[in-house]
Amino acid sequence: MNKNTEDASPLAQSEVQMRKGMLVYCVLLLLKDGKVYTSEIIRALHDAELIVVEGTLYPLLSRLAKDGLLAYEWQESEQGPPRKYYWLTDPGQTLLLDLKKTYHKLHASVTTLEKELKK
Amino acid sequence: MNEVTKIHLGRTAFPISADAHRELRNYLDAIKKHVSDESVVGEIELRMAELLSERGVSGDKVVLPADVDFLKEQLGDPKDFADEDVPEAADEKPTDTPKRLFRDTDDAMLAGVASGLASYFGLEVVLIRILFIATAFMSGTGILIYILLWLLVPEAKTPSDRLQMAGKPVTIDSLKEVVERADVKGAAARANKSLAGPVNTAFKAILQIIGVGLVVLGLALLLSLFAGGAYTFLRSGAVVQDGIFPVGLKEHLVVYLAAGVGVIVSLFIVLFGMALFQRKWPIRPWITGILVGLLFAGLAAGGALAADVVPQVRNRYNSHIHTVSYSVQPFTKVNLDNASGNIQYQWSPTYSVSVRYWDNPNTSTVKTHVSGSVLYIDTQQLDHSLENGCQGSCIPINYEPVITISSPQTPTAVYPGLPDAPALPSPTPPSPFKG
């Protein structure tokens with residue numbers, strides 16, 4: 001209950017939305033160069049301060065895989081439980097490029113806007 | 001003292017303290033409410049195993065509540081696991097969740113139909129039960145409705161079913177409440193119902209008595225069906241008088257189908273009696289389904305065949321009936337001292353006596369004569385040897401002759417030696433004067 005009221009603050013909400021908007025792009029970006037397993041994705045996103053908790057990522061990955069943007073396979077690991085490796089499918093690659101364009105456009109727009117306001 | 005149990009995360013088993021186990025179980029259950037995909041839950045469990053190993057909890061090390069807190073911190077709130085694209089009913093603020101009708105087997109006397117209805121309509125259970133029992137006496141309407149609802153209404157199995165039954169929103173918090181309450185629910189319910197207690201006990205006792213009665217009745221029916229069936233079978237299968245019914249394959253089929261339907265109905269009586277007694281339907285649903293299917297198939301086939309067969313049987317029966325009429329002199333009194341059989345009176349413009357009999361070839365055995373305006377009927381020489389035509393368990397044909405006395409006016413009966421003899425049935429002739 002307390003968490004709900006916290007999350008409802010305008011700043012927190014916008015921030016959550018902003019992060020979520022970026023998350024798909026960042027995940028695709030991480031997988032650009034080949035197979036990566038779940039924990040590595042989590043660590044990278046965590047280190048980049050893009051996610052705080054891991055929970056958000058599991059439904060995202062499963063949905064991307066379901067939509068055919070990601071492919072995955074299970075591999076045994078020497079230490080610990082088996083790992084799920086993800087990589088980009090062709091539609092995934094296309095989406096990555098599209099999102100990249102969108103992101104840069106957005107970035108440019110925001111930068112322009114910020115500069116205009118400084119004047 | 002803290003007990004240590006085991007939990008499987010992914011494919012790894014971890015020793016875990018009892019309180020940590022409870023906490024982790026709750027956490028996983030909460031996550032499952034948000035994650036529809038079973039494989040994702042599996043992945044999350046794998047990740048938990050991985051995080052625990054990374055934390056140094058592996059091998060014989062026991063998972064403690066602090067470790068579970070660490071997992072929660074890493075993985076986040078259960079609702080973080082919800083996929084944003086899938087609208088989550090549980091997340092919305094449900095102001096008025098519609099109630100759903102379930103059978104409340106937690107508070108059941110029999111199958112929870114009444115208590116489910118009580119939850120649904122917000123009434124006292126006792127009221128509904130009394131209503132059922134009252135309508136049961138209206139040629140079984142209540143029983144029929146109860147059985148129908150039993151078959152149609154699902155049982156409230158999960159906590160979320162129970163919430164929906166009560167019309168409460170299904171949220172993580174409310175679910176938790178139900179689960180936590182479940183441990184003491186029975187006790188609490190019993191304590192709350194000090195007033196309803198004796199009534200419930202009485203209900204149970206009545207149900208059990210009725211149940212035993214039904215089982216006995218059903219078994220008796222089954223037994224008599226089997227005994228009758230075996231006997232009839234040994235006697236070449238006559239049900240009614242040899243040569244009348246059944247004759248031919250179709251009619252035999254009707255008999256077998258009727259017997260089969262009888263067996264299934266008796267079985268259901270036994271089963272229902274058992275259900276009343278142990279308050280649980282005694283056989284598996286699919287077997288019930290097969291029995292109901294067989295019952296309806298038997299009824300349909302038997303009904304169709306019977307419709308086909310009945311006219312033939314009636315014709316066959318009628319072909320054995322002979323009627324002979326005797327014209328007699330006018331009479332005002334009737335003496336039936338020597339007459340046996342079914343005596344009837346009929347208005348007619350003329351005086352006559354007709355004898356209708358079944359399969360008696362001797363037509364002259366019924367004597368009638370009128371002397372001194374008294375009609376005497378004598379059936380003493382009627383051939384009674386045929387009366388034993390039905391040997392055994394079959395339904396005998398009535399060989400008694402039907403003697404119909406016709407006259408234009410009501411005769412008075414004369415029974416010498418029987419002062420208080422009953423009068424002949426009064427005729428209702430159309431009055432010739434009015435016509």
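Sequence lines set the chain letters: A, B, ... in the order given, protein chains first and strands last, and positions in each chain run from 1. Not measured: the values here are computed from a predicted model.
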> Heavy-atom count around A:Tyr72 OH within 6.0 Å, excluding the residue itself: above 12?
Replying inline: no
Identify all side-chain donor-acceptor contacts of residues 96-113 of chain A below 3.5 Å with residues at least two apart in sequence or on another chain.
| unit_1 | atom_1 | unit_2 | atom_2 | d |
| --- | --- | --- | --- | --- |
| A:Thr102 | OG1 | A:Asp98 | O | 2.8 |
| A:Ser109 | OG | A:Lys105 | O | 2.8 |
| A:Thr111 | OG1 | A:His107 | O | 2.4 |
| A:Thr112 | OG1 | A:Ala108 | O | 2.4 |

> Given a strict heavy-atom distance threshold of 4.5 Å, which part of B:Leu52 is in contact with chain A: side chain, backbone, both, or neither?
Replying inline: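 Neither; nothing under 4.5 Å.
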>> If the condition is salt bridge (charged side-chain N to carboxylate O under 4.0 Å, His left out), which residues does A:Lys66 pass it with, not counting sequence neighbours?
In response: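 A:Lys66 satisfies salt bridge (charged side-chain N to carboxylate O under 4.0 Å, His left out) with B:Asp37 once adjacent residues are dropped.
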>> Sub-4.5 Å heavy-atom contacts with chain B: which residues of residues 39-46 of chain A show up?
In response: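 Only A:Ser39, A:Ile42, A:Arg43 of residues 39-46 of chain A have a heavy atom under 4.5 Å from chain B.
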> So, for B:Val68 and B:Ala20, which heavy atoms are closest and what is the spacing to 0.1 Å?
Replying inline: CG2-O, 3.7 Å
>> Between A:Arg83 and A:Glu76, does any NZ, NE, NH1 or NH2 come within less than 4.0 Å of an OD or OE carboxylate oxygen?
In response: no
>> According to salt bridge (charged side-chain N to carboxylate O under 4.0 Å, His left out), does anything in residues 64-75 of chain B pair up with another residue at least two apart or in another chain? List the pairs.
In response: B:Glu23-B:Lys72, B:Arg55-B:Asp67
